[in-house]
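Read the numbers this way: they start at 1 and go in the same order the structure lists the ligands and their atoms. Numbers here simply count residues along the sequence, with the first being 1.
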Amino acid sequence: MKKWIQPLRLIIQACFMAGLFLPLIHPEPVAGYLFWTVLAVGVFFCGWVCPFGAIQDWLGFLARKLHLPRFQIPWKYQRFLQLSRYIWAGLITFAGVHYAFLSARFYFQDNLIHNNLSWISGITLAVFLIASLFLDRPFCNYFCMKGAVDGLMSVIRPLSIRRDPKACIHCHLCNKVCPMNVPVEGTNFVRHPNCINCMKCVCACPQNCLKFKLMALRKSSSTK
Ligand code: SF4
Ligand code: SF4
Ligand code: SF4
């Protein structure tokens, strides 16, 4: 079990959260630097850098500590619901749609920090932050256009999380801890567009059978 990964991720997320206040390391240029790396290694920006992703993670952590009820949408609905962010991305790109709730990430990292919230952006942010107490990363899972675009680009990556099917005991822990509802247990090589490389599944696996590696040359199969 890799105990150092999540503390390191927390420190990096915290640095970029602080960077919103100290304009030394604003996340947007970092998003630009990491943009093409998703083709090779998947989406690290969302799991390690994005402050709006981080705040949703932290609220989820707080909710668990407070024993608030948490909801995980069953896979049979989730597989359709997770298409929503591509629909929003398509509407933004091709129909010029500009619903306030689709801009929550910018409201958080720009308007909130600079005390520049309108009542619409304030309500939008409040809804997503409260929803994060009950649902993992609600904005990332269902609304974020950047997450959708990066996720789609990442599906060809040759480096990602490999599951050793011989060592797996099908305890479902990897599926349960995944904040992006990726069916990790059902695949031998994670190239799901929702994966944000948070490594929670890797850290949770009791058999240590999930590793970040190059894809095996023989065919990797999906069973879900
Ligand atoms: S999906 Fe969007 S809001 Fe979520 S971490 Fe990625 S860029 Fe940030
Ligand atoms: S956590 Fe590990 S052992 Fe459990 S189902 Fe996932 S890959 Fe298999
Ligand atoms: S599959 Fe693993 S690394 Fe990817 S988002 Fe889920 S928990 Fe994080």
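- Note: the hydrophobic cluster containing Leu62 does not contain Val127 (ILVMFWY, side chain heavy atoms under 4.5 Å, direct or indirect links).
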Show your reasoning for whether side-chain hydrogen bond (donor to acceptor under 3.5 Å, both in side chains) applies to Ser118 and Ser121.
CA-CA 5 Å; Ser118 67; Ser121 51; 3.0 Å; yes
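- Here is the list of ligand 2 atoms found below 4.0 Å of a heavy atom in Glu185: 5 (S).
- Those atoms of ligand 2 that come under 4.0 Å of a heavy atom in His170, given as number and element, are 5 (S), 8 (Fe).
- Put simply, the residue from Val49, Val38, Val149 that forms a side chain to side chain contact (heavy atoms under 4.5 Å, CB included) with Val43 is Val38.
- In terms of protein heavy-atom proximity, atom 5 (S) of ligand 1 is closest to Arg137 NH1, 3.3 Å.
- Near Ile169, with a cut-off below 4.0 Å to any heavy atom, the atoms of ligand 2 are 3 (S), 8 (Fe).
- With Arg70 contributing its side chain and Ala63 its backbone, the two residues share no donor-acceptor pair below 3.5 Å.
- When the side chains of ILVMFWY residues are joined at heavy-atom separations under 4.5 Å, either directly or via intervening members, Leu83 and Met145 end up in two distinct hydrophobic clusters.
- Phe52 and Phe128 have perpendicular rings, their planes meeting at more than 60° on a 0 to 90° scale where under 30° would count as parallel.
- Looking only at distances, a side-chain donor or acceptor of Gln6 sits under 3.5 Å from a matching main-chain atom of Cys198.
- Distances from ligand 2 to the non-hydrogen atoms of Cys209 include at least one value under 4.0 Å.
- Near Pro206, with a cut-off below 4.0 Å to any heavy atom, the atoms of ligand 2 are 1 (S).
- For the atom pair Leu81 CG and Tyr142 OH, the distance stands at 5.5 Å (nearest 0.5 Å).
- The set of protein atoms (N, O or S) found at less than 2.8 Å from atom 2 (Fe) of ligand 3 reads Cys201 SG, by chain and number.
- Asp150 pairs by the salt bridge (Lys or Arg N to Asp or Glu O under 4.0 Å) definition with Lys146, not counting sequence neighbours.
- Ordered by chain and number, Cys50 SG make up the set of protein N, O or S atoms under 2.8 Å of atom 8 (Fe) of ligand 1.
- Under the salt bridge (Lys or Arg N to Asp or Glu O under 4.0 Å) criterion, no residue pair touches residues 193-210, with sequence neighbours excluded.
- In this structure, Tyr107 is a member of the same hydrophobic cluster as Trp88, with clusters built from ILVMFWY side-chain heavy atoms closer than 4.5 Å.
- Residues Phe21 and Leu117 share a single hydrophobic cluster, defined by chaining ILVMFWY side chains whose heavy atoms lie under 4.5 Å apart.
- Side-chain contact, Gln78 with Gln72: no donor N or O sits under 3.5 Å from an acceptor N or O.
- Counting the atoms of ligand 2 from 1 in the order shown, those under 4.0 Å from a heavy atom of Cys168 are 3 (S), 5 (S), 7 (S), 8 (Fe).
- Of all atoms in ligand 2, numbered sequentially from 1 with element shown, those under 4.0 Å from a heavy atom of Arg163 are 7 (S).
- Judged by distance alone, the side chains of Asn181 and Gln82 never bring a donor and an acceptor atom under 3.5 Å apart.
- Here atom 4 (Fe) of ligand 2 lies nearest to Cys171 when heavy atoms of Pro165, Cys205, Cys171 are compared.
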